[in-house]
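One structure below.
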Amino acid sequence: SPVFSDMFSLPQPQGEGEQPQVVDVPETASVLENLLPFCYPMARPELLHIDDLQSVLHSTEKYEMTFISNQLLQNLRHFLPTEPLRVYSIACLNEDADLARAAAKVLLGSSPLYDPHNSPPEFDRLRATALAKIDAYRIDCATAARSVVLDYDQLRSGFPPRFVSVSRKGNVDTSNAWIWLACNSCTGGSVEIYVANAATGYRHGQTLTPRAWWSEYSDAVAKELTLRPLASVVTETRFTRPAFDKAAKCATCGPRAAVELMQYAEAVAKKIEDALSKVTSAVLLNRHLWTDLTLRSGCVRVANWSKRGA
């Protein structure tokens with residue numbers, strides 16, 4: 001630590017002779033006990049609580065122990081499943097874009113994002129820009145996920161080997177289609193899917209109407225994706241089970257609905273994962289987020305990605 005090095009280069013008070021030099025620091029004994037083992041070849045503390053890790057991390061920033069800070073930031077990943085918002089906040093405060101992105105992805109499953117009556121302690125230092133960016137990221141992810149589910153036209157041929165064909169004469173063949181498109185026995189939903197003429201490519205006057213039980217499933221999933229834009233939503237039992245139960249009442253849908261709906265849900269989940277992987281712009285956390293006067297460790301300094309200077 002260059003800070004410690006400078007401390008011990010200070011002249012000693014007169015009259016102390018050969019007494020060991022003492023420098024008072026504001027950290028508690030427990031923080032120093034967790035910090036100093038990282039500087040010596042000895043067993044290092046596990047830091048099983050995020051508060052302990054954050055206290056040590058804060059000290060490494062203060063004393064410019066970069067090599068320890070980087071290791072502690074990596075250790076923060078262990079808290080992603082349980083404390084994603086705190087990890088995101090700490091990552092932003094420490095300019096760790098990769099860790100912030102990882103936390104932002106985990107936070108897609110949190111609804112609401114945070115409790116204003118019990119916000120993380122890091123919020124006292126976190127810039128509003130960081131919160132605005134994660135809100136924008138969630139909105140973009142919700143839009144991307146919903147667009148996959150609400151793209152009804154892909155039901156015609158977007159899930160091989162399931163497809164709807166139309167002859168040159170305009171006759172629609174649903175023998176290879178999903179059961180909720182092929183069935184005409186039970187009640188249809190409100191969605192209409194236009195089919196195209198095989199000869200001209202133009203939309204034919206005939207439409208397909210997915211069954212009501214599937215439409216209700218699709219609507220419920222799309223609504224949930226607004227709150228939790230996760231690919232796993234489409235396969236959750238609380239959405240698939242009611243659809244199975246309703247489809248079972250139809251003699252045509254019943255024998256095929258459960259298997260085909262799960263095949264459809266798993267295929268849609270993969271499409272959602274792909275769509276979410278392309279949503280990055282809102283949480284890039286580049287230098288524009290921190291290039292500013294930032295209050296850090298009791299002093300004002302200019303923070304910048306390319307150079308961390310006091």
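- Heavy atoms only, all atoms of each residue included: L181 and P210 are closest at CD2-CG, 3.7 Å.
- Once rounded to the nearest 0.5 Å, the distance linking OG of S165 with CG of N171 reads 10.0 Å.
- Looking at D115, its side chain does come within 3.5 Å of a backbone N or O of H117 through a donor-acceptor pair.
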Please test S190 against S215 for side-chain contact (heavy atoms from CB on, under 4.5 Å), starting from the C-alpha separation and ending with a verdict. CA-CA 7 Å; S190 58; S215 295; 5.5 Å; no
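- Connection of L155 to V191 is established within a shared hydrophobic cluster, with ILVMFWY side chains joined at heavy-atom distances below 4.5 Å, either directly or through further cluster members.
- Residues N176 and P161 have side chains not in contact (no heavy-atom distance under 4.5 Å, counting atoms from C-beta outward).
- At a threshold of 4.5 Å between non-hydrogen side-chain atoms, the residues I90 and L99 do not count as touching.
- With rounding to the nearest 0.5 Å, the separation of CG in D52 from CD in E46 is 11.5 Å.
- Taken from CG in L230 to SG in C141, the straight-line distance is 9.0 Å, to the nearest 0.5 Å.
- In the hydrophobic clustering of this structure, I139 does not group with Y137; members are Ile, Leu, Val, Met, Phe, Trp, Tyr whose side-chain heavy atoms approach within less than 4.5 Å, directly or through other members.
- Between atom CD of residue E192 and atom OG1 of residue T209 there is a gap of 5.0 Å, rounded to the nearest 0.5 Å.
- In this structure a side-chain-to-backbone donor-acceptor pair under 3.5 Å is present from S59 to S55.
- W178 has its side chain out of reach of W214: every pair of non-hydrogen atoms, C-beta onward, lies at least 4.5 Å apart.
- The side-chain tip of R211 does not point at the ring of W180 from less than 6.0 angstrom away and within 45° of straight on.
- One finds a salt bridge joining E236 and R228 here, because a Lys/Arg side-chain nitrogen approaches an Asp/Glu carboxylate oxygen to under 4.0 Å.
- Between F123 and S89 there is a side-chain heavy-atom pair separated by less than 4.5 Å.
- The CD1 atom of I179 lies 3.5 Å from the CZ atom of R256; values are rounded to the nearest 0.5 Å.
- When all heavy atoms are compared, the tightest approach of A231 to L276 is N-CD1, 4.4 Å.
- Hydrophobic clustering (side-chain heavy atoms under 4.5 Å, transitive across Ile, Leu, Val, Met, Phe, Trp, Tyr) groups V195 together with Y152.
- R138 has no carboxylate O lying under 4.0 Å from a charged side-chain N of D135, or vice versa, which leaves the two without a salt bridge.
- Side-chain contact between L261 and W213 is present, with heavy atoms from C-beta onward closer than 4.5 Å.
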Hey, mind stepping through F38 and Q71 against side-chain contact (heavy atoms from CB on, under 4.5 Å) and telling me if it holds? CA-CA 10 Å; F38 286 91; Q71 181 175 339; 3.8 Å; yes
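- Crowding of K105 atom NZ: a count of heavy atoms from other residues, nucleotides or ligands under 6.0 Å not exceeding 12.
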Could you go through the side-chain contact (heavy atoms from CB on, under 4.5 Å) check for C186 and C253 one step at a time? CA-CA 8 Å; C186 58; C253 294; 3.7 Å; yes
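- Atom CZ of R77 has more than 12 heavy atoms from other residues, nucleotides or ligands within 6.0 Å.
- Considering every non-hydrogen atom in both A267 and F159, the closest pair reads CB-CD2, 3.6 Å.
- Across V149 and A222, no two heavy atoms sit closer than the pair CG1-CB, 4.3 Å.
- Cation-pi check for K223 over F239 is not met; the charged atom does not lie both under 6.0 angstrom from the ring centroid and within 45 degrees of its normal.
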Check the pair I50, L76 against side-chain contact (heavy atoms from CB on, under 4.5 Å), reporting the backbone distance first and the verdict last. CA-CA 8 Å; I50 193 170; L76 267 176; 4.0 Å; yes
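- Looking only at side-chain heavy atoms (C-beta outward), V166 and R156 stay at 4.5 Å or farther from each other.
- There is a path of hydrophobic side-chain contacts, each under 4.5 Å, that joins L113 to L126.
- Between D173 and V164 there is no side-chain heavy-atom pair separated by less than 4.5 Å.
- In this structure, CG in L48 is found 7.0 Å from CZ in F79, a value given to the nearest 0.5 Å.
- Heavy-atom minimum distance, L80 versus V106: O-CG1, 3.5 Å.
- Side-chain contact between Q154 and V148 is present, with heavy atoms from C-beta onward closer than 4.5 Å.
- When each of N75, L57, L72 is checked for a side-chain contact (heavy atoms from CB on, under 4.5 Å) with L47, only L72 meets the rule.
- Using a 4.0 Å cut-off between charged nitrogen and carboxylate oxygen, K278 and D274 count as a salt-bridge pair.
- Taking each heavy atom of V234 and Y217 in turn, the nearest pair found is O-OH, 2.7 Å.
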